[in-house]
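Protein chains get the first letters and strands the later ones, always in sequence-line order, with residue 1 at the start of each. Heavy-atom basis, side chains included; hydrogens, waters and symmetry copies ignored. All of these numbers come straight from a predicted model, not from anything done at the bench.
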Amino acid sequence: MDRGIIINAGGSGGASLNYKVVGGTTTPETPANNTIWVNTDTPISRHIFSATQPENPVEGMVWFVVGTSSSAPINLLKKGNAAYIYPASCQQYIGGAWVAKEATTYQTSKWVEWATFFYSYGDLYEDVTGGFTAVKNDSGAVTFNADNIYLNAPANDSKRNRASVRSANKIDFTKYKTLYFELAVNVSGNDEATIAWGLASAVASNAIPTFIASGSTKESLGKQAVSVDVSAVSGEAYIAATFQAYWEKAYGDMTIYKVWGE
Amino acid sequence: MTIYIDSDFKCYITAAEGRRAFEVSHFDGKCSAFTEGYRYIPAGEMWTRSDGVQFTGEMLSPWKDYNILAAFQAQYEAMLTEAAAAYESGVNSI
């Protein structure tokens, strides 16, 4: 049984709901608020909002993958009622296979691009990331908490403790221009620790990640969003973050709350 | 490695007027073609991409297609390996 909200009647959304789905190869000229435009030349037969892949797809069905966060959340209901969904990506069932499609929502008089979430407060988005893998040495620690990923590289006067995490899968970043992390960093000691986040081509157990594009800090950071330009990165890479202490002279931790791409 | 950045934060391996010098370990062992395909935003500074999105340093990101930069670096490393092997062969023949 498909678990989600299935809308029939050509997938328009219906007059009783607070949104509309439109397919086509160009954005509608006069869209209403909460119009979801799917960039497709295949007629949309129906659509479904679901966190998991529909079990009984039909030709032309559009699957809006929903999660716990979205750059364009939608209240489905009218008249002061509320049922929020958080669309993250879109696929359409064409010729017996799911095909990724671009989708965007018209809200507050502009088209809002959908961010793709890779991690959000405990949600690993495993259908995209495969989950996240800890890569650490001796006393570095990676903890997958209920609502964050925690990296800890404690002080040690005889070795450089290191805690890294990477997506289990390499992810195709061709369509993304910016990678965001919401994180917090605590650093004690001098500025010799290596603290970085971004896209990596490799994450070995005996070294810090081989970053392709990265942000970094030498200082503590309060919980905030940081961004990395990935507009010139095409093809696949790991999402990765690391905290490597500098013996007992610089050490600390990083807490990751969200990771998303736009 | 010492690199030099221009007003658009693009990296160079040589100094010139208007460029600022920084030590960036990310480029240790990297060839000039690889290095000069990158942008480096120092800590505390901000770069605005052409679409208006702003990025605060410290940040390193390619501005040339990374696949091309990776190919340059792979070629460079292959040449180094070849040169080392040739040298070794020459030494051993003496």
(request) Answer whether the closest heavy-atom distance between the side chains of B/Trp63 and A/Asp229 falls below 4.5 Å. (result) no
(message) As an exercise, state the distance from CZ of B/Arg39 to OG of A/Ser231, rounded to the nearest 0.5 Å.
(response) 8.0 Å
(message) Is it true that, when you exclude A/Phe144 itself, more than 12 heavy atoms of the residues, nucleotides or ligands shown sit nearer than 6.0 Å to its CZ?
(response) yes
(request) Report yes or no: does B/Arg49 contribute a side-chain atom to a donor-acceptor pair with the main-chain N or O of A/Lys177 at less than 3.5 Å? (result) yes
(request) Please report the shortest heavy-atom distance between B/Val53 and A/Tyr180, naming the atom on each side. (result) CG1-OH, 4.0 Å
(message) For the interface with chain A, which of B/Ala43, B/Pro62, B/Gly57, B/Ser25 has the highest count of heavy-atom pairs at distances below 4.5 Å?
(response) B/Pro62
(message) Tell me whether the count of non-hydrogen atoms from other residues, nucleotides or ligands lying under 6.0 Å of CZ in B/Phe22 goes above 12.
(response) yes
(request) Answer with side chain, backbone, both or neither: which region of B/Asp65 has an atom nearer than 4.5 Å to a non-hydrogen atom of chain A? (result) both
(request) State whether the number of non-hydrogen atoms from other residues, nucleotides or ligands found under 6.0 Å of B/Glu45 atom CD is greater than 12. (result) yes
(message) Taking every non-hydrogen pair under 4.5 Å, which of A/Val230, A/Val233, A/Val228 racks up the most with chain B?
(response) A/Val228
(request) State whether the number of non-hydrogen atoms from other residues, nucleotides or ligands found under 6.0 Å of A/Lys218 atom NZ is greater than 12. (result) yes
(request) Please name the pair of heavy atoms, one in B/Tyr38 and one in A/Ile212, separated by the smallest distance, quoted to 0.1 Å. (result) OH-O, 2.5 Å
(request) Heavy-atom distances under 4.5 Å only: say whether A/Phe173 touches chain B with side chain, backbone, both or neither. (result) neither
(message) With rounding to the nearest 0.5 angstrom, report the OG to CD distance, A/Ser227 to B/Gln54.
(response) 9.0 Å
(request) Heavy atoms only, distances under 4.5 angstrom: which of B/Ile68, B/Leu69, B/Asp51, B/Ile41 has the most pairs with chain A? Name it, please. (result) B/Asp51
